[in-house]
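Single-structure report; data block below.
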Number of protein chains: 2
Amino acid sequence: MPPEEPSTRDKLLDAFETLLVTEGSRSATLDNVAGAAGVSKGGLLYHFHSKDDLVDAMLSRMQEMGERDIAAMRTAPQGPVDYYLETSVDSGSAFDRALIAAARIAQENDERAGNALASLREQWFAVLSEHLGDEALARTIQLIGDGLYFDDTSGFTHPQALEHVRDVLARLDF
Amino acid sequence: MPPEEPSTRDKLLDAFETLLVTEGSRSATLDNVAGAAGVSKGGLLYHFHSKDDLVDAMLSRMQEMGERDIAAMRTAPQGPVDYYLETSVDSGSAFDRALIAAARIAQENDERAGNALASLREQWFAVLSEHLGDEALARTIQLIGDGLYFDDTSGFTHPQALEHVRDVLARLDF
DNA sequence: GTCTATAGACAGATAGAC
DNA sequence: GTCTATCTGTCTATAGAC
């Protein structure tokens, strides 16, 4: 059977994330979100009683994807380090979009978003640290991942960045 | 003679930056900026005719500080690499605050801010690359700097991060 | 140079029709 | 489940007093 059309609820969450990522939090208004999802503001507010509600739902969806990502990282055939660095380059996946959207919300002084992201980061670090048995190296690799992510989401794109990082890490033989 | 009290104009720019950094772009309204600087909205609009004007002035001030920073990086006694990494940890300096504020503006799809930041980044990279004679290493160090900066400004603080990075870089003997 | 008052657009949210 | 109409507050910006 063909893939289902996403529910209106999911279309609204997608539109909210996309607006946050591409135009920033000031453009992610209820009006714009509803419009981008092809419904009216009243329609949006049937699914989410308030903007806070919309944020909560977005973060829940992100956390679910996060659990799956960390499980995938633990069992990745290329190993956790390469998996982590590869997925730090924005691939345009639904999870990437959710992470960037959550970061935008966190910047508006939102504790829920800040805590959700902090929790994910701790789990990524734990996997790197366990696998490498070297906290300093694990921290450095996470910083490189943060840098890749930051550059991508800020429009500072360097096509060879990942290649350069692999080159340098290869000199460290771990 | 004692240091001069900052002008109202500078107090307004400082307040704008601080609001952007601590509470995000949605809180950086003309009302809030004026209030934080201790003047009325009318007072603000005497100095800056529009919000766009305020952004332009903020970016100009940042670019001036950026030129001085790149000059300091070139002649730093500890060398450009260590200077760059140290100043990537948010020290709370006026320049750091301006950089973070500009990043917030850039995220709202503002080309001026995006271009100003991209230009600074290219100059930092050029100094690193010249000094090291190794593009891959220069890129990796810039990514680590971006990671340090991103973590600090997102509230993901790791007190030992800089120490860990130095530890790992020491293994690369360059 | 700084203020108050106000205009006009837009924000989040409610009520009720369909 | 989705719509329109509307309320209330806030946003940027203007006008004019002091």
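Each chain gets a letter, A, B and so on, in the order its sequence line appears, and its residues count up from 1. Values below: every heavy atom of this structure, side chains too, minus hydrogens, waters and symmetry copies.
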Can you give one letter per nucleotide of nucleotides 2-7 of chain C, going 5' to 3': B for a protein heavy atom under 4.0 Å from the base, S for sugar-phosphate only, - for none?
-> BBB---
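Summarising the geometry, the separation between NZ on B/K51 and P on C/dC10 is reported as 15 Å, rounded to the nearest angstrom. Look at CG on A/L30: it is 16 Å from C1' on D/dT6, rounded to the nearest Å. Look at CG on A/L45: it is 14 Å from C1' on D/dA5, rounded to the nearest Å. Rounded to whole Å, atom C1' of C/dA11 lies 15 Å from atom CG of A/L54. Taking atom CG of B/D52 as the reference point, atom P of D/dC11 lies 18 Å away to the nearest angstrom. To the nearest angstrom, P of C/dA9 lies 17 Å from CG of A/N32. Atom P of nucleotide D/dG9 and atom CG of B/D31 are separated by 15 Å, given to the nearest angstrom.
Under the 4.0 Å criterion applied to side-chain N and carboxylate O atoms, A/D110 and B/R26 are not assigned as salt-bridge partners. Using a 4.0 Å cut-off between charged nitrogen and carboxylate oxygen, A/R97 and A/E17 count as a salt-bridge pair.
Looking at heavy atoms from C-beta onward, A/R171 lies in side-chain contact with A/V168 at the 4.5 angstrom threshold.
A/L143 contributes atom CG, which lies 7.0 Å from atom CD1 of B/I144 (distance to the nearest 0.5 angstrom).
Taking all atoms of both residues into account, the shortest heavy-atom contact from B/L120 to B/M62 is CD1-CE, 4.0 Å.
Within 6.0 Å of CD in A/Q78 there are more than 12 heavy atoms belonging to other residues, nucleotides or ligands.
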